[in-house]
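The next block holds one structure in the form of structure tokens; read it before the comments.
Remember, predicted model here, so these are calculated numbers, not experimental data. Proteins get letters first, then strands, A, B, ... in listed order; numbering begins at 1 in each.
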2 protein chains.
Amino acid sequence: MSVDRERILAEASDLLVTEGPHALTMRALARRLGVTAPALYRHFESRERIVVDLVGEAFDTFARYLYRALEGRTPAERFSLTGRNYLAYALEHPRYYELLHASHNLIGVEQLHPEAQQCACAVGQFIVDRVREAMDAGMLKPGDPESVARTIWAHSHGLITIYLRGLLRTDEAGFRRLFLESTWQLMEGIAEPAFAEAMRAEAAAAAADEAGAPPDGVGRPLPVEVGEAPR
Amino acid sequence: MSVDRERILAEASDLLVTEGPHALTMRALARRLGVTAPALYRHFESRERIVVDLVGEAFDTFARYLYRALEGRTPAERFSLTGRNYLAYALEHPRYYELLHASHNLIGVEQLHPEAQQCACAVGQFIVDRVREAMDAGMLKPGDPESVARTIWAHSHGLITIYLRGLLRTDEAGFRRLFLESTWQLMEGIAEPAFAEAMRAEAAAAAADEAGAPPDGVGRPLPVEVGEAPR
DNA sequence: GTCTATAATCCGATAGAC
DNA sequence: GTCTATCGGATTATAGAC
């Protein structure tokens with residue numbers, strides 16, 4: 001049998017997240033792939049290189065998801081898309097998401113620090129920027145953008161972490177509704193009433209999907225365009 | 001030199017959290033303690049037993065911190081104390097806090113599952129109960145206690161995680177203020193105005209401590225007793 | 001590009017002297 | 001209660017045949 005770089009990384013991330021770092025050995029990895037250990041050295045020069053590349057790809061993918069939010073044409077759209085894409089990344093690449101936050105335990109600080117520290121800062125700044133322009137557009141209550149961004153980030157990250165650890169007894173669809181509902185509770189405090197109301201409507205619509213989803217609810221539009229109205 | 005159980009556990013937790021599970025070896029642990037590896041087997045029958053006991057103690061300590069909130073005499077006090085004690089545990093035992101959430105990667109599901117799963121459920125139920133009685137007392141807006149408790153838990157956990165990972169450029173004192181400020185932003189949405197106002201005052205008082213703390217600000221009283229007034 | 005065989009290292013744990 | 005010495009096994013990584 002033959003393997004390629006992608007299959008190795010995929011199997012390695014699964015091994016790493018589901019059974020822990022000690023379980024990611026060249027032998028175990030090769031066994032899963034149907035080859036022997038030395039074959040892996042044709043694709044990676046060492047075990048550590050596999051882990052480093054894995055974490056690097058997790059960061060890259062994360063940045064790609066997040067920056068896609070810049071396709072939104074209004075501050076409200078970009079703000080909303082940022083939250084959606086953050087959640088989408090966590091749910092579509094759960095092992096990467098865990099890897100991102102466990103990376104400091106997996107590899108030495110010097111291995112990825114330049115890129116990772118920079119990426120972590122960039123992510124923080126990205127969210128702050130989306131919050132700031134949402135404030136300027138009158139969508140969020142006035143305040144310190146950095147502080148509000150931290151609050152939003154912490155809430156999303158905490159909720160996702162708890163879910164991925166299996167501490168919420170619900171499936172992915174249930175968690176998506178739960179995430180919207182919880183985010184709305186948070187927005188009630190930091191968003192202007194008009195936008196909070198729109199988020200409430202979105203959460204209600206999502207709840208409606210639960211009991212007999214209307215078949216045209218596929219491409220439900222973004223919550224509002226309230227970001228352009230005032231100013 | 002001689003070692004005791006406590007020194008071993010303390011050094012082991014440090015090794016585990018700061019350098020990862022692979023770094024916790026009997027040899028490395030013994031070296032840090034100034035003894036040789038076989039000496040450790042006088043106190044623990046195996047390496048795994050060290051990890052299991054460590055996680056167990058992290059859970060026990062956590063429960064002790066949390067249940068102390070029951071000393072509050074009013075729903076408002078118990079609600080407030082729950083949040084304070086949760087934060088106190090995380091800041092006074094940061095390695096235990098990380099251990100708690102990494103435990104599923106450290107030991108087999110069967111080793112601690114009875115106690116851990118039960119403790120995790122108990123903690124969740126404890127917070128839900130405090131939220132429910134705070135709602136009944138008119139301190140929080142009416143709603144689903146489980147949903148609101150999840151939101152509060154997620155926010156606190158997320159913020160603490162981000163801080164412990166060193167992603168917030170601030171010291172512990174700065175983080176305490178930051179935590180209060182962020183919690184207030186959240187409370188603005190889920191608490192009744194009277195209590196939200198009290199939390200705002202508390203956050204402002206904490207901010208005042210920043211620039212020239214008044215020397216009598218030591219035992220600042222609990223935010224309010226608003227929980228007993230309405231009904 | 002994968003195999004077998006193997007070198008070198010590190011691990012957990014035990015035996016027995018002191 | 002700690003030490004030295006050691007067993008048995010696992011690991012990463014390499015050498016060389018095919």
Side-chain angles (χ1 to χ4, degrees), chain A residues 1-57 99 102-112, chain B residues 1-58 95 99 102-112:
Chain A
M1 192 177 305
S2 179
V3 294
D4 60 353
R5 198 187 132 89
E6 244 180 85
R7 276 191 64 214
I8 295 179
L9 286 180
E11 210 68 39
S13 72
D14 191 58
L15 213 41
L16 199 56
V17 172
T18 60
E19 304 192 37
H22 66 281
L24 176 57
T25 68
M26 300 301 263
R27 284 168 156 78
L29 185 53
R31 202 179 314 127
R32 280 201 178 198
L33 293 164
V35 295
T36 58
L40 301 178
Y41 288 87
R42 283 283 153 190
H43 305 275
F44 294 92
E45 63 178 356
S46 69
R47 173 192 183 275
E48 189 169 33
R49 190 58 195 262
I50 294 181
V51 180
V52 169
D53 283 13
L54 210 50
V55 176
E57 196 163 309
L99 233 56
S103 59
H104 63 294
N105 270 343
L106 301 177
I107 52 184
V109 190
E110 66 286 353
Q111 293 282 351
L112 195 76
Chain B
M1 190 177 305
S2 179
V3 294
D4 60 353
R5 197 187 132 89
E6 245 179 83
R7 276 192 64 215
I8 296 178
L9 285 181
E11 210 67 39
S13 71
D14 191 58
L15 213 41
L16 201 56
V17 171
T18 60
E19 304 191 39
H22 67 280
L24 176 57
T25 68
M26 300 302 265
R27 285 170 159 82
L29 184 54
R31 200 180 314 126
R32 280 201 179 200
L33 293 164
V35 295
T36 58
L40 302 177
Y41 288 87
R42 284 283 151 189
H43 305 275
F44 293 91
E45 62 179 358
S46 70
R47 174 194 182 274
E48 189 169 32
R49 190 56 195 263
I50 294 181
V51 180
V52 170
D53 283 13
L54 210 50
V55 176
E57 197 163 308
R95 291 164 312 196
L99 233 57
S103 59
H104 63 295
N105 270 342
L106 301 177
I107 52 184
V109 191
E110 66 286 352
Q111 293 281 351
L112 196 74

Please give me the minimum heavy-atom distance between Val3(B) and Ile8(B), naming the atom from each residue.
CG2-CD1, 4.1 Å
Below 4.0 angstrom from OP1 or OP2 of dC3(D), is there any side-chain N or O of Thr36(B)?
yes
Here the gap from Glu57(B) atom CD to Glu6(B) atom CD, rounded to the nearest 0.5 Å, amounts to 7.0 Å
Closest heavy-atom pair, Met26(A) versus Leu40(A), reported as atoms and distance to 0.1 Å, is O-CD1, 3.4 Å
Give the rounded distance in Å between these two atoms: CD1 of Ile50(A) and C1' of dA13(D).
12 Å
Value in whole Å for how far the C1' atom of dT2(C) lies from CZ of Phe44(A)
17 Å
Between dA13(D) atom P and Arg49(A) atom CZ, what is the distance in whole Å?
13 Å
B/S/- along nucleotides 11-18 of chain C (protein heavy atoms under 4.0 Å) is BBBB----
Of all the heavy-atom pairs spanning Ala12(A) and Ile50(A), show the shortest one and how long it is.
CB-CG2, 3.9 Å
Can you tell me the distance, in whole Å, between the CG atom of Leu33(B) and the C1' atom of dT2(D)?
13 Å
Which pair of heavy atoms, one from Ala28(B) and one from Thr25(B), lies closest together, and at what distance?
N-OG1, 3.0 Å
Salt-bridge present (Glu19(B), Arg32(B); N to O < 4.0 Å):
yes
